Structures are given as structure tokens and as C-alpha cells.
Amino acid sequence: MIQQGACTIFKVNLLDGNEDFSATTTYTYKIALYTANANLGPQTTAYTSDGEITGTGYTATGEDLTLIPATSDNSTVGYISFDNVTWDPANFTARGALIYNGTTGAAVCVLDFGSDKTATSTFTVTFPTANSTNAIIRLN
């Protein structure tokens, strides 16, 4: 079962200073894709290969993400986001994803696509607009 949301370990890591979403970060953030049989949610602590998809164009551990660094747009909300990520070629089915710190392996958040998504040529994860009301990760 895939349950969307921020991972508890991510919240702890933020408070402990173990994440860096600045423009000068030395961390790599990644996104891995999963089948509906994966067991992912707020309790997820780290990247796992259990339930990870297989298929043409997909490599285990997923793809690197390009960070849109932490900022605020004069509101009380700080946020980060990532550029969209595309697998091309792609021939696989995914139900959800795990964003994680590729440097430490620590989980950040789980995405539930709502249903199985099947690709036969390209597969793109489109992130919402990077602003205080839509960004993928917001703190207020």
C-alpha cells in the first residue's frame, strides 16, 4: 500500500540539520518509482528496493532530481520543489514514488499517483508550481 505524505524521518532530519535544500547543497535528491504492491508511507525511513518497478528505461534507485532551492514568496511559507523528471524511453507501470536523499538514503516523501500509470514511450513526473500554495514540500 502506498500512502502519500512527508516521511517522519524527513521531519526529524530537518530539525536535526541533516537535510540541505539550499542552492549550494552537496546532497543529491532522487526519485524512485514503485508498484501498487510497495509498502510506502510516512513510516518509510529510507530508500528501499522492495516494490520498486522494473522495465525498459528504468534503473533501480531511480533518477536524480534537479532541486529548486528553498525560498519564500513573501508569505509565511517556505518551500522547495524539483524540476520535472522524465524517463525516455519508458515501458513500465508505476503507482507511486519515493523522493529521498540520494546521498544518505533517507526518505523525504511518498507520492501516490492515485492509480497505476503505464508508459510505453516516455514517463514524466510533473511537479506542481514552485510557490507557497503549490510546491511539493511546504512549511508554514
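Because the structure is a prediction, the values reported are computed rather than measured. Counting from 1, the numbers follow the sequence of the chain as shown.
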Taking the side chain as C-beta and beyond, is there a heavy-atom pair between [X] and [Y] under 4.5 Å?
X    : Y    : value
D83  : I68  : yes
V85  : L65  : yes
F123 : I53  : no
W87  : V125 : yes
R138 : S132 : no
D88  : S121 : no
T44  : Y100 : no
T48  : N39  : no

Ignoring hydrogens, what is the shortest heavy-atom contact between [X] and [Y]? Give both atom names and the distance.
X    : Y    : result
G62  : E52  : N-OE2, 3.7 Å
P69  : S22  : CB-C, 4.0 Å
L111 : I31  : CD1-CD1, 4.3 Å
A135 : I80  : CB-O, 3.4 Å
L98  : A107 : CD1-CB, 4.0 Å
T61  : Y47  : N-OH, 3.4 Å

Give a yes or no on whether the backbone of [Y] and the side-chain of [X] come within a donor-acceptor separation of less than 3.5 Å.
X    : Y    : answer
E19  : N13  : no
Q3   : P42  : no
T103 : T28  : yes
T25  : D20  : yes
Y79  : T133 : no
T124 : T126 : no

Once the angle between the rings of F92 and Y58 is folded into 0 to 90°, is it parallel (under 30°), tilted (30 to 60°) or perpendicular (over 60°)?
perpendicular
Using 30° and 60° as the class limits, which term best fits the ring planes of F21 and Y29: parallel, tilted or perpendicular?
parallel
Distance, nearest 0.5 Å, that separates [atom1] of [X] from [atom2] of [Y]:
X    : Y    : atom1 : atom2 : result
S81  : N131 : OG    : CG    : 9.0 Å
C109 : I136 : SG    : CD1   : 5.5 Å
T45  : F10  : OG1   : CZ    : 14.5 Å
D50  : N37  : CG    : CG    : 11.0 Å
T56  : N91  : OG1   : CG    : 5.0 Å

Check the hydrophobic clustering (I, L, V, M, F, W, Y; side-chain heavy atoms under 4.5 Å; chains of links allowed) and say if [X] and [Y] are grouped together.
X    : Y    : result
Y34  : I99  : no
V108 : Y27  : yes
I9   : V110 : no

Identified side-chain contact (heavy atoms from CB on, under 4.5 Å) partner of L139 from the options L14, T76, V77:
L14
Pair D112-R95, side chain to side chain contact (heavy atoms under 4.5 Å, CB included): steps then yes or no:
CA-CA 6 Å; D112 181 353; R95 171 56 192 250; 2.9 Å; yes
